[in-house]
Student: 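Below you will find the structure I want to go over with you.
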Amino acid sequence: MSVRQLEKTYDPTQVEERWYRFWTEKGYFRASVDRQGSPYSIVIPPPNITGSLHLGHALNTALQDILIRWHRMQGRNVLWMPGTDHAGIATQNVVERQLMAEGTSRERLGRDKFIARVWEWKAQYGGIIVQQLKRLGASCDWERLRFTMDEGLSRAVREVFVRLYQEGLLYRGERLINWCRRCVTALSDIEVEHEEITGKLYHIRYPLADDPTVHLTVATTRPETMLGDTAVAVHPDDSRYNHLIGKKVKLPLTAREIPIVGDLILVDRKFGTGAVKITPGHDFNDFEAGERHNLPRIAILNQHAQMDGSGLLDAQADPTLNLTLKPVHQARALVVEALRERGFLEKVEDHKMALGKCYRCKTVVEPYLSPQWFVKIKPLAEPAIKAVEEGRIRLIPEGWVNNYLGWMRNIRDWCISRQIWWGHQIPAWYCRSCNEDAILETSQNTFTITSDAKPVVARAAPAHCPDCSAGEFIRDPDVLDTWFSSALWPFSTLGWPEQTPELKTYYPTSTLVTGLDILFFWVARMIMMGLKFTGEVPFRDVYIHALVRDAEGQKMSKSKGNVMDPLSVMEKYGTDALRFTLAAMASPGRDIKLAEERIEGYRNFANKIWNAARFILMNLDGPREAAPPAERPFPDRWILSRLNYAIRAVNEALDQYRFDQACSHAYQFIWHEYCDWYLELVKPALQAGDSPDARRTRQTLVESFEVALRLLHPMMPFISEELWQAVPHEGESILTRPYPQSIPAWDCEAAEVAFTLLERSVTLVRTGRSLLSYPPGKSLEFHVGCTSDHDMGTLKDLKPLIEHLARGSVKHIDKIISSEGGKIVISPKFLGMHGMDMTPEGSQQSLRLTVEGLTVSIVVGSEVDLQKVLEQVVKRRGESEKEAQRIDAKLANADFTGKAPPEVVAEHEQRLRTLHQDHALLASSEQQLRAMARMRQG
RNA sequence: GGGCGGAUAGCUCAGCCGGGAGAGCGCUGCCCUUACAAGGCAGAGGUCACAGGUUCGAGCCCUGUUCCGCCUACCA
């Protein structure tokens with residue numbers, strides 16, 4: 001093959017685009033039910049069509065792509081199903097803003113035209129996020145791209161709705177729900193975000209109807225709702241008040257009298273005054289209390305959270321207050337002022353409380369009385385609880401299991417209707433003639449259908465009313481919660497309700513990768529719906545990843561201005577660097593605090609690999625010979641053994657979703673073993689032309705690098721492909737090649753042990769060189785000492801390599817220490833540095849450094865700063881002494897020697913021997929250095 | 001209010017079955033040594049939050065405390 005010349009630094013931009021196109025053109029991402037291998041499937045958490053890529057997407061996508069590429073290379077039949085979500089409220093908001101800018105509105109357009117406009121918007125902008133996922137290298141089967149509003153998925157939604165209704169698991173009724181006055185729609189409980197604030201607690205006097213001189217004081221955080229009170233509750237056992245139960249109070253600012261009731265659920269005697277106003281139209285607890293006591297419900301706010309004219313009439317509010325159509329916060333001020341003027345306000349105090357806000361637009365939500373559709377959730381939740389309890393679904397990290405179970409066990413009915421137009425319109429129709437009084441046109445093109453209406457729920461519009469056989473219907477104007485369709489995603493995308501081959505092959509899916517923030521919104525609901533409609537779990541493993549925060553640990557948000565745009569990061573550092581950073585930081589159960597320096601560091605890693613490839617390509621001229629591993633030169637045996645270790649470690653880490661560990665093993669191997677040591681060790685052999693060692697080393701060089709690239713591919717797909725294509729290889733793309741598996745013949749314990757000796761010797765010489773301030777280029781003469789014949793043999797074999805790496809020449813290798821009868825004996829021959837300088841004075845001119853029984857002596861020149869050297873030797877001597885004392889004390893403890901496992905005791909004894917040796921050598925070196933210092937002074 | 005997680009080097013975090021405190025980044029010194037200065041070599045830096053307990057032995061296990069984060073909840 002022709003050897004390609006690579007540029008000096010890696011430039012990701014053109015590489016990434018080129019290979020992504022190649023992969024898609026070749027159809028490598030395409031899944032097929034006919035493919036060999038056991039299926040492995042992932043459905044992507046569909047991003048909103050209004051979304052643009054943020055780091056959360058980038059993390060989520062990177063992790064899934066790692067899993068997908070890894071399994072694909074392992075020969076599994078892989079499907080990664082991509083798609084997007086119609087995001088009802090968010091998308092409608094975007095298009096409505098557009099209309100507003102054009103001076104029109106959805107109401108003026110009418111429903112059909114408005115929806116057409118949203119589809120136009122989707123056609124134009126809805127694909128942006130998909131393009132951005134491609135930039136990340138996502139190897140989804142894009143030909144299967146799904147959208148929650150596709151006909152197929154919409155059909156699944158209708159099917160599920162009808163079946164749930166037929167089974168009595170859906171109902172429509174007037175309930176208090178969370179209402180966003182800005183989005184003008186209902187929200188489910190979990191779409192409300194709670195924020196802790198310091199509000200006010202208002203104490204208001206309600207005079208008794210039969211004796212206005214006596215009053216009952218209630219406490220409330222929302223004084224304006226008092227106009228809608230329909231009772232006051234006290235605790236039935238509270239002797240302060242229980243004699244009043246059954247009497248009435250006169251409700252201030254109104255012409256009404258309301259009863260005093262006893263309620264032990266609602267009332268906490270210790271809180272506030274012990275008396276609670278009941279406002280069933282505006283508070284969830286009060287709603288339930290109202291049911292218990294059969295109280296009327298008065299709604300004093302309209303859908304925009306303004307004081308409602310007819311509600312105020314119902315409440316018989318004092319018309320001079322002039323509250324009609326006042327927004328709620330103004331109304332509060334007016335009501336409080338009126339109460340104060342008329343002497344009803346007892347006091348106001350600060351009060352810590354949770355305020356609910358819309359998760360889409362952060363507007364304060366109001367409990368609002370309105371007819372809505374609900375899913376009866378308990379029967380669906382029970383099997384979903386079991387599936388996780390029994391381990392049919394694993395949550396990873398498993399710490400989230402309790403969280404999940406706790407939420408599931410306390411789950412409340414799910415409000416699924418939304419008063420918007422963009423989404424799956426509810427497949428319920430109302431006969432115009434049977435429900436004449438129930439259908440109200442509230443404003444232009446906007447209908448409200450009261451809870452008295454009788455729906456016909458069907459897969460398609462009915463032709464005739466089953467009751468009166470009339471043919472004129474109005475369809476329920478509401479659409480379903482977007483999460484309702486997302487809940488079906490794992491099977492609706494595979495063709496359900498048809499029993500398609502895809503569904504049979506890829507369902508249940510293997511793994512779901514998602515953020516904690518949508519565990520309840522999405523994961524829990526998929527489990528419920530999947531079990532209900534397929535009888536099987538939707539996925540086996542749920543990997544829950546962290547949130548990406550900024551370097552200070554703050555949540556990234558546009559308003560804080562601390563967002564990091566993944567696209568510009570990719571532009572600046574390359575996609576592989578971003579992916580690797582995110583994966584490397586994905587430690588379980590911890591949020592990711594992302595600092596740009598980390599990305600830069602992994603960009604450097606990519607460049608390091610790039611340059612390793614350059615080196616390899618520069619050194620490939622000449623024949624290669626694939627000898628059995630055991631017959632290759634030492635550096636080859638060693639690197640294959642280390643590569644084998646890395647292969648095992650990375651596979652094991654990925655198997656346990658430890659992306660962080662997989663990355664660090666790959667990083668450690670490639671940089672600190674392959675580049676730092678192996679490529680250096682191999683240089684002498686490569687320059688040896690056509691020797692057998694050269695031929696075998698060239699082979700190992702290529703072979704190990706090619707395997708390492710495959711090992712790295714899931715994490716860094718682009719650079720691994722680019723370099724793989726540049727070095728000798730088999731096949732047309734790295735991503736279709738097998739993932740590395742460990743090869744027993746590569747393991748070489750002896751080479752690893754030998755390497756440790758080599759590494760220690762070289763490092764000692766380098767440390768000495770640095771201490772003695774000898775320039776890196778200067779060739780040194782040094783002497784290596786060890787403690788066993790075996791080590792001596794090994795060191796002699798490694799001599800040329802040690803000399804190459806340490807830049808010098810090894811004058812002698814000796815066994816210089818023996819310990820006889822517990823006494824350390826240092827060979828006088830070694831102390832004398834024989835062969836270097838035999839004069840009595842000259843023999844003392846050396847620096848000796850030692851670590852774990854291995855020692856190196858370097859001649860000290862007359863120009864060397866002895867003080868610095870001496871300090872270092874003293875420091876090291878002190879450390880070995882301290883450590884020896886520690887272990888000595890441990891061994892002197894009879895409890896330790898008696899109770900600890902014998903192998904632990906033996907290990908301590910061995911370590912102590914070594915430390916004594918190190919200490920003796922360092923101490924003698926220190927003496928000599930001091931003597932030298934004295935000689936110089938003298 | 002309840003639950004969960006965290007506290008280890010200047011920063012961000014690993015640390016397995018309890019047995020010699022690690023990495024990356026940053027920092028210091030030397031070096032543009034023919035793969036790489038986006039680099040090489042060497043080095044400094046730690047009372048493992050605090051207090052008890054279990055154990056021959058605790059960063060790791062148990063109890064309590066403090067601080068921080070998150071989730072969750074109907075004290076008006």
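Residue numbers begin at 1 in each chain, while the letters A, B, ... track the order of the sequences.
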Student: Using a cut-off of strictly less than 4.0 Å, decide whether A:S664 has a side-chain nitrogen or oxygen near OP1 or OP2 of B:rG24.
Tutor: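 No, outside the criterion.
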
Student: Check the phosphate of B:rG20 against A:R911, side-chain N and O only, distance under 4.0 Å to OP1 or OP2. Yes or no?
Tutor: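 Answer is yes, contact under 4.0 Å.
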
Student: Base, sugar-phosphate alone, or nothing: which one does A:L266 contact when heavy atoms must sit under 4.0 Å apart?
Tutor: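 Touches a base.
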
Student: Mind checking A:D268 for me? I need base, sugar-phosphate or nothing, with any heavy atom below 4.0 Å counting as a touch.
Tutor: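 Touches a base.
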
Student: Among B:rG19, B:rG29, B:rA35, which nucleotide sits nearest the side chain of A:A612?
Tutor: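 Of the candidates, B:rA35 comes closest.
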
Student: Using the rule side chain to side chain contact (heavy atoms under 4.5 Å, CB included), only one of A:V401, A:V523, A:I396, A:V388 pairs with A:V542; which is it?
Tutor: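 Exactly one pass, corresponding to A:V523.
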
Student: Counting heavy atoms from C-beta on, name the nucleotide in B:rC41, B:rC56, B:rG43 closest to the side chain of A:D895.
Tutor: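 Nearest to the side-chain atoms of A:D895, counting from C-beta on, is B:rC56.
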
Student: Whole-Å distance between B:rC11 C1' and A:E600 CD?
Tutor: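 Nearest whole value for this atom pair: 15 Å.
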
Student: Can you tell me the Watson-Crick or wobble partner of B:rC60, both distances under 3.5 angstrom?
Tutor: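 Looking at the geometry, B:rC60 pairs with no nucleotide.
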
Student: Give A:H804 one of three labels, base, sugar-phosphate or nothing, depending on what nucleic acid heavy atoms sit under 4.0 Å from its own.
Tutor: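 If one applies the 4.0 Å heavy-atom cut-off, A:H804 turns out to touch nothing in the nucleic acid.
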
Student: Between the base of B:rA42 and the side chain of A:R766, is there a donor-acceptor distance below 3.5 Å?
Tutor: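 Flag unset: no donor-acceptor pair detected.
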
Student: Between B:rC36, B:rG19, B:rG24, which nucleotide gets closest to the side-chain atoms of A:A900?
Tutor: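 Nearest nucleotide to the side chain: B:rG19.
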
Student: From CG of A:L516 over to C1' of B:rC71, roughly how many Å is that when rounded to an integer?
Tutor: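 Result: 7 Å.
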
Student: Pairing check on B:rA42: which nucleotide meets the Watson-Crick or G-U wobble criteria with it, both distances under 3.5 Å?
Tutor: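 The answer is B:rU28, by the H-bond criterion.
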
Student: If you take atom types as modelled and just measure distance, does the side chain of A:E680 reach the base of B:rA35 with a donor-acceptor pair under 3.5 Å?
Tutor: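 Result: at least one qualifying N/O pair found.
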
Student: Where each residue is assigned the nucleotide of RNA chain B containing its nearest heavy atom, which of A:E907 and A:D660 is assigned the position nearer the 5′ end?
Tutor: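 Between the two, 5'-proximity favours A:D660.
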
Student: Indicate, with a heavy-atom threshold strictly under 4.0 Å, whether A:K683 touches base, sugar-phosphate, or nothing.
Tutor: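 Base, at least one base atom sits under 4.0 Å.
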
Student: So, do A:H908 and A:F896 have ring centers that fall under 6.0 Å from each other?
Tutor: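 Here the rings of A:F896 and A:H908 have centres that are less than 6.0 Å from each other.
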
Student: Test your reading of the model: is there a side-chain donor-acceptor pair from A:T897 to the backbone of A:A894, 3.5 Å cut-off?
Tutor: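 Between the backbone of A:A894 and the side chain of A:T897 there is a qualifying donor-acceptor contact (under 3.5 Å).
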
Student: Whole angstroms only, please: what is the CH2-P distance between A:W610 and B:rA38?
Tutor: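 Computing the A:W610:CH2 to B:rA38:P distance gives 17 Å.
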
Student: How long is the line joining CD of A:Q668 and C1' of B:rG22, in whole Å?
Tutor: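 That distance rounds to 11 Å.
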
Student: Any luck finding a side-chain donor-acceptor pair between A:T9 and A:N607 under 3.5 Å?
Tutor: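 No, because no side-chain N or O of A:T9 sits under 3.5 Å from a partner of the opposite role on A:N607.
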
Student: Please give, in whole Å, the distance from B:rG29 C1' to A:Q872 CD?
Tutor: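 Going from A:Q872 (CD) to B:rG29 (C1'), I get 12 Å.
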
Student: Kindly point out which of B:rG43, B:rA44, B:rC74 is positioned nearest to the side chain of A:R412?
Tutor: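 Output: B:rC74.
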
Student: OP1 or OP2 of B:rA38 sitting under 4.0 Å from any side-chain N/O of A:N611?
Tutor: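 So the side-chain polar atoms of A:N611 never come under 4.0 Å of the phosphate oxygens OP1 or OP2 of B:rA38.
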
Student: Using a cut-off of strictly less than 4.0 Å, decide whether A:W671 has a side-chain nitrogen or oxygen near OP1 or OP2 of B:rA38.
Tutor: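 The answer is no; no side-chain N or O of A:W671 sits under 4.0 Å from OP1 or OP2.
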
Student: Return yes if some donor-acceptor pair links the side-chain N/O of A:Y573 with the main-chain N/O of A:Y602 below 3.5 Å, else return no.
Tutor: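 No, A:Y573 side chain to A:Y602 backbone: no donor-acceptor pair under 3.5 Å.
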
Student: Under 4.0 Å from OP1 or OP2 of B:rA14: is there any side-chain N or O of A:S587 that close?
Tutor: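 For B:rA14, OP1 or OP2 has a side-chain N or O of A:S587 closer than 4.0 Å.
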
Student: Indicate, with a heavy-atom threshold strictly under 4.0 Å, whether A:N893 touches base, sugar-phosphate, or nothing.
Tutor: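 If one applies the 4.0 Å heavy-atom cut-off, A:N893 turns out to touch the sugar-phosphate alone, with no base involved.
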
Student: Is there a side-chain polar atom (N or O) of A:H351 under 4.0 Å from OP1 or OP2 of B:rA76?
Tutor: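 So the side chain of A:H351 is within the cut-off, an N or O lying under 4.0 Å from OP1 or OP2 of B:rA76.
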
Student: Is there a side chain to side chain contact (heavy atoms under 4.5 Å, CB included) between A:V864 and A:S773? Walk through the geometry before answering.
Tutor: CA-CA 7 Å; A:V864 166; A:S773 301; over 6 Å; no

Student: Using whole Å, what does the distance between atom C1' of nucleotide B:rA35 and atom CZ of A:F605 come to?
Tutor: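 Distance, rounded to whole Å: 15 Å.
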
Student: Of the nucleotides B:rU33, B:rC71, B:rA76, which one has an atom closest to the side chain of A:P776?
Tutor: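 When the side chain of A:P776 is considered, B:rU33 is the closest of B:rU33, B:rC71, B:rA76.
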
Student: Counting side-chain heavy atoms from CB outward, which of B:rA38, B:rA76, B:rG43 is closest to A:K875?
Tutor: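 The answer is B:rG43, which lies nearest to the side chain.
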
Student: Output yes when at least one side-chain N/O atom of A:K352 is less than 4.0 Å from OP1 or OP2 of B:rG1, else no.
Tutor: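 Checking A:K352 against B:rG1: no side-chain N or O falls below 4.0 Å of OP1 or OP2.
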
Student: Think A:T763 has a side-chain N or O under 4.0 angstrom from the OP1 or OP2 of B:rA42?
Tutor: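 Looking at the OP1 and OP2 atoms of B:rA42, one of them is under 4.0 Å from a side-chain N or O of A:T763.
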
Student: Classify the ring geometry of A:H672 against A:Y667: parallel below 30°, tilted from 30° to 60°, perpendicular beyond 60°.
Tutor: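 It falls in the perpendicular class, over 60°.
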
Student: Within the structure, does a side-chain N or O atom of A:H194 lie under 4.0 Å from either OP1 or OP2 of B:rC74?
Tutor: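 For B:rC74, neither OP1 nor OP2 has a side-chain N or O of A:H194 closer than 4.0 Å.
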
Student: Over how many whole Å does the gap from A:I609 atom CD1 to B:rG39 atom P extend?
Tutor: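 From A:I609 CD1 to B:rG39 P: 12 Å.
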
Student: Starting from the 5' end of RNA chain B, give me the residue, A:R222 or A:Y10, whose nearest nucleotide shows up first.
Tutor: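 Whichever sits nearer the 5' end wins; that is A:Y10.
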
Student: Nearest to the A:R603 side chain among B:rG43, B:rA38, B:rA76, which nucleotide is it?
Tutor: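 Shortest atom-to-atom distance from the side chain points to B:rA38.
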
Student: Taking any strand in view, what nucleotide pairs with B:rG69 in a Watson-Crick or G-U wobble way, both distances under 3.5 Å?
Tutor: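 Check on B:rG69: paired to B:rC4, both distances under 3.5 Å.
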
Student: Taking 4.0 Å as the cut-off, does a side-chain nitrogen or oxygen of A:R658 come that near to OP1 or OP2 on B:rG15?
Tutor: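 Looking at the OP1 and OP2 atoms of B:rG15, one of them is under 4.0 Å from a side-chain N or O of A:R658.
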
Student: Out of A:D918, A:T914, A:L912, which residue meets the side chain to side chain contact (heavy atoms under 4.5 Å, CB included) rule with A:H916?
Tutor: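 Of all the options given, the one that passes is A:L912.
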
Student: May I have the distance from A:L681 (atom CG) to B:rA35 (atom P), rounded to whole angstrom?
Tutor: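 Atom CG in A:L681 sits about 15 Å away from atom P in B:rA35.
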
Student: Between the base of B:rC36 and the side chain of A:K608, is one N or O donor paired with an acceptor at under 3.5 angstrom?
Tutor: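 Pair found.
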
